[in-house]
There are 2 protein chains.
Amino acid sequence: MGRKRLQEPVDGRPTVHTVAARAGVSIASASRVLNGIGGSPETIRKVRAAAAEVGYVPNAIARSLQSQRTGLVALAVEDIGNPVYVEMMRAIEAVVASSGRQLLVHATGGRIDNETALLRRLANRYVDGMIVSPIRVTDDHLTALVDSPVPVVVVGQLGADAAVDNVRTDSRHGVALAVDHLVGTGRRRIGFVNGPLDTVPGAARDAGFRAALLQHGIPLDEDLIEVGDFQYAAGRAATERLLARTDPDALVCANDLIAVGALHALLAAGRRVPQDVAVVGMDDTELARMMFPQLSSVSLGSAERGRRAAELLLQRIADPTLPPRREQVPPSLAIRASSGVTPPAPRPAGPPTTHPSSEGVTS
Amino acid sequence: MGRKRLQEPVDGRPTVHTVAARAGVSIASASRVLNGIGGSPETIRKVRAAAAEVGYVPNAIARSLQSQRTGLVALAVEDIGNPVYVEMMRAIEAVVASSGRQLLVHATGGRIDNETALLRRLANRYVDGMIVSPIRVTDDHLTALVDSPVPVVVVGQLGADAAVDNVRTDSRHGVALAVDHLVGTGRRRIGFVNGPLDTVPGAARDAGFRAALLQHGIPLDEDLIEVGDFQYAAGRAATERLLARTDPDALVCANDLIAVGALHALLAAGRRVPQDVAVVGMDDTELARMMFPQLSSVSLGSAERGRRAAELLLQRIADPTLPPRREQVPPSLAIRASSGVTPPAPRPAGPPTTHPSSEGVTS
DNA sequence: CCGATAGCTGTAAACGTTTCCGGGAGTCTG
DNA sequence: CAGACTCCCGGAAACGTTTACAGCTATCGG
């Protein structure tokens with residue numbers, strides 16, 4: 001009796017053939033039993049026994065090749081150390097899990113080649129769909145997004161004409177909220193600690209800051225603008241550089257990590273927050289509430305954007321013929337102690353007594 | 001001329017067959033050209049052109065089925081919002097990237113079914129290998145780990161006999177370092193804010209705390225022990241409960257997130273840190289250096305553990321026949337302002353002037 | 001008691017790729 | 001000019017699974 005194939009493949013792991021041979025049935029019957037569809041009691045017993053004996057575990061890759069789906073969804077962000085992405089991830093995860101899929105996350109580190117490579121690799125069928133939040137976008141990148149074999153949803157700004165599902169916020173307006181608030185509380189020498197200008201959010205926030213000052217008729221002083229990475233250490237260093245050459249009475253920071261860095265730099269330089277310098281962060285992450293003093297911060301609705309992105313993705317997976325859609329989530333401002341209107345004068349920098357954090361006052 | 005297969009599959013995406021047919025060559029030739037091995041100049045030209053025209057992109061799943069590898073490695077942790085896992089991830093990523101693979105992360109949320117499911121799904125060939133850091137371990141779980149089809153490395157404590165590559169630390173000793181330090185600086189009513197006792201780290205730290213007190217001949221007061229989640233909010237709530245019933249002069253916290261929560265609770269209750277209550281966290285994450293006052297913290301060498309785990313994994317992928325190995329990374333204590341020996345008396349709780357953070361003093 | 005039907009089974013095709021192998025054409029060497 | 005060698009090509013098998021299809025047996029209803 002000439003067997004058609006090795007029963008034990010070289011790497012030793014049993015396949016459905018192994019099980020079928022051992023149970024004395026065809027691979028079709030074995031497969032059916034293992035998937036719980038059909039089979040006589042006797043067959044079921046034999047196949048189950050054989051599978052258990054050899055320790056059979058199905059090869060998901062082969063199954064996916066056949067079924068054209070993997071049950072996986074990926075999220076690619078720049079820096080998973082940034083709590084804003086953690087919040088986004090949690091929101092996405094919740095939606096994705098409800099569809100019975102699992103979420104995988106990849107941190108691209110802002111290296112665009114990395115991101116494109118990931119897109120090329122993962123999107124080529126390893127996952128059923130993908131959510132990407134790029135901070136830099138090149139043409140190469142964009143085409144990789146557009147003709148991805150699996151559905152892709154982009155979180156963040158994208159060229160107006162890009163034929164990709166997209167959920168965004170208006171970070172220019174977000175910066176304006178911060179500036180309005182600071183001007184409204186009497187600040188005039190407002191500094192800005194931004195991330196790299198060659199990133200999409202960096203550029204948008206820069207434009208937003210300049211526009212907001214103009215709006216209020218405040219002349220622009222380039223000395224009050226400083227740029228670093230979107231990270232804690234960079235934010236601190238940038239703020240130190242800024243303080244070395246000028247003397248702001250308020251600081252808008254392009255994200256909360258930068259704001260925390262700024263806080264350190266300010267306090268190390270002997271400035272009091274908010275009495276001497278008010279600080280407003282951006283993204284309104286958990287970190288903002290963890291700091292002393294608690295940070296005012298502009299929420300860009302990251303969790304909401306994540307949720308919506310996940311929903312768009314699931315819809316598109318279900319029906320790939322949908323036209324590209326775009327959604328927008330408005331920013332809002334949460335005012336806390338770091339830019340408090342009435343600085344609690346005497347008591348040292350303990351925690352503000354108003355502890356239940358003053359929530360999301362949208363201005 | 002009867003073609004053997006549809007040139008355009010139903011879902012419309014081109015395959016290597018499409019390209020081959022269009023270029024007028026065999027699929028073997030097409031595949032070779034697309035992979036850059038062999039082919040006459042004319043063939044190469046035709047195939048390249050055909051591929052470009054139809055927008056061919058190879059199906060990675062099919063390729064993996066053939067090549068038995070995916071170029072992906074997964075990391076499963078409980079909570080990616082905990083900076084300690086971010087540090088671990090970064091270290092792993094660096095190693096993994098050097099092998100030309102990409103890292104995917106999954107947050108299990110501590111739900112053990114979730115983790116087992118992920119193990120079953122991903123490990124069944126979707127990835128070339130996997131690093132898992134479980135906080136709860138069941139038998140079911142363990143067998144899933146042991147007879148995973150792809151190499152698995154576990155970060156964290158595991159039964160002594162488990163036949164799995166494993167890199168761990170000694171968190172009992174870590175807690176002892178904290179207690180030694182506090183006792184050495186004159187503290188006696190030392191509280192302990194822990195994570196859940198049904199988790200591996202929670203149990204180990206509890207045991208470590210009790211042993212350390214015993215070691216110093218300090219009687220155990222159960223009022224000084226409180227348990228919550230390994231999260232910021234839980235840490236804060238737990239500390240509030242603890243403060244409501246007793247009056248510690250020091251607090252050991254089972255991780256940095258809890259420590260930050262404790263800090264908030266303490267300051268809200270009017271205690272000064274470190275004058276009234278010294279605080280020591282655990283994991284020594286970036287967060288510890290971000291707080292005011294900066295947190296003393298026990299480093300459990302997460303980055304180092306991640307690095308080693310990744311190396312073990314790569315070795316095992318290269319040679320699956322290796323015997324199970326176990327490595328251990330020692331804890332160390334970084335002393336900062338929150339448990340400072342000589343509290344800088346007068347100046348309010350600004351940042352400590354010694355800003356280059358006093359590094360990892362291993363006691 | 002016979003035909004329809006239901007349930008089970010095995011063969012084989014399919015998913016999309018890589019790769020072994022044999023054959024043919026061309027080039028080089030002696 | 002014959003033989004060896006190189007290079008390129010196409011057919012076909014293989015990776016491990018699911019599933020359409022057809023054949024078989026046993027049961028049921030009339």
Side-chain angles (χ1 to χ4, degrees), chain A residues 1-21 23-47 51 54 56-71 121 124-126 149-150, chain B residues 1-21 23-47 51 54 56-71 121 124-126 149-150:
Chain A
M1 128 190 173
R3 45 182 196 168
K4 297 176 66 177
R5 117 192 345 250
L6 260 37
Q7 291 190 197
E8 288 292 339
V10 275
D11 89 339
R13 292 212 72 88
T15 74
V16 72
H17 292 92
T18 324
V19 174
V25 302
S26 72
I27 59 163
S29 291
S31 174
R32 277 187 291 256
V33 170
L34 294 170
N35 287 11
I37 38 179
S40 73
E42 175 62 4
T43 305
I44 292 181
R45 191 192 57 71
K46 285 190 297 187
V47 171
V54 300
Y56 172 73
V57 22
N59 182 321
I61 287 275
R63 191 202 302 261
S64 292
L65 179 60
Q66 165 71 25
S67 67
Q68 303 284 42
R69 57 190 304 280
T70 65
R121 179 174 271 172
N124 296 346
R125 304 300 193 183
Y126 277 136
V150 304
Chain B
M1 118 186 175
R3 46 184 193 168
K4 296 178 65 177
R5 111 187 356 243
L6 259 38
Q7 290 189 201
E8 288 293 337
V10 276
D11 87 341
R13 293 212 72 87
T15 73
V16 70
H17 292 91
T18 325
V19 174
V25 302
S26 72
I27 59 163
S29 293
S31 173
R32 276 187 291 255
V33 169
L34 294 170
N35 287 9
I37 35 180
S40 71
E42 175 61 4
T43 306
I44 292 181
R45 192 193 56 73
K46 285 190 297 188
V47 171
V54 299
Y56 171 73
V57 22
N59 181 321
I61 288 276
R63 192 204 301 261
S64 293
L65 179 59
Q66 165 70 26
S67 68
Q68 303 282 43
R69 57 191 303 280
T70 65
R121 179 173 271 172
N124 296 347
R125 305 299 193 182
Y126 277 136
V150 304

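Heavy-atom basis, side chains included; hydrogens, waters and symmetry copies ignored. So that the names make sense, note that chain A is the first sequence line, chain B the second, and so on, each numbered from 1.
Between C:dG16 and B:Thr15, no contact under 4.0 Å exists linking OP1 or OP2 to a side-chain N or O. The side chain of B:Gln68 places no N or O atom within less than 4.0 Å of a non-bridging phosphate oxygen (OP1 or OP2) of D:dA14.
To the nearest 0.5 angstrom, B:Arg125 atom CZ is 6.0 Å from A:Arg13 atom CZ. Going from atom OG1 of B:Thr18 over to atom CD1 of B:Ile27 covers 11.0 Å, rounded to the nearest 0.5 Å.
In terms of heavy-atom proximity, A:Val19 sits nearest to A:Val54 at CG2-CG2, 3.9 Å.
Nucleotide D:dG16 holds its C1' atom 13 Å from the CZ atom of A:Arg13, rounded to whole Å. Atoms CG (B:Asn59) and C1' (D:dC15) sit 13 Å apart, rounded to a whole Å. One interatomic measurement links the two molecules: CD1 of B:Ile61 to P of C:dC15, which rounds to 16 Å at whole-angstrom precision. B:Asn124 has its CG atom 10 Å from the P atom of D:dT17, to the nearest Å. Atom NE2 of A:His17 is separated from atom C1' of D:dC15 by 10 Å (rounded to the nearest Å). A:Glu42 places its CD atom 17 Å from the C1' atom of D:dA26, with the value rounded to the nearest Å.
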Extract from the structure each pairing of a protein N or O with an N or O of nucleotides 18-21 of chain C at less than 3.5 Å, listing the distance.
from   : atom 1 : to      : atom 2 : distance (Å)
C:dT18 : OP1    : B:Asn35 : OD1    : 3.3
C:dT18 : OP1    : B:Asn35 : ND2    : 3.0
C:dT18 : OP1    : B:Arg63 : NH1    : 2.9
C:dT18 : OP2    : B:Ser31 : OG     : 2.7

Side-chain atoms of residues 28-41 of chain A: list all donor-acceptor pairs with protein atoms under 3.5 Å, sequence neighbours left out, distances to 0.1 Å.
from    : atom 1 : to      : atom 2 : distance (Å)
A:Ser29 : OG     : A:Ser26 : OG     : 3.4
A:Ser40 : OG     : A:Thr43 : N      : 3.1
A:Ser40 : OG     : A:Thr43 : OG1    : 2.8

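Under the 4.5 Å side-chain criterion, counting only non-hydrogen atoms from C-beta, B:Tyr126 is not in contact with B:Thr70.
Residues forming a side chain to side chain donor-acceptor pair (under 3.5 Å) with A:Arg63 (at least two apart in sequence, or on another chain): none.
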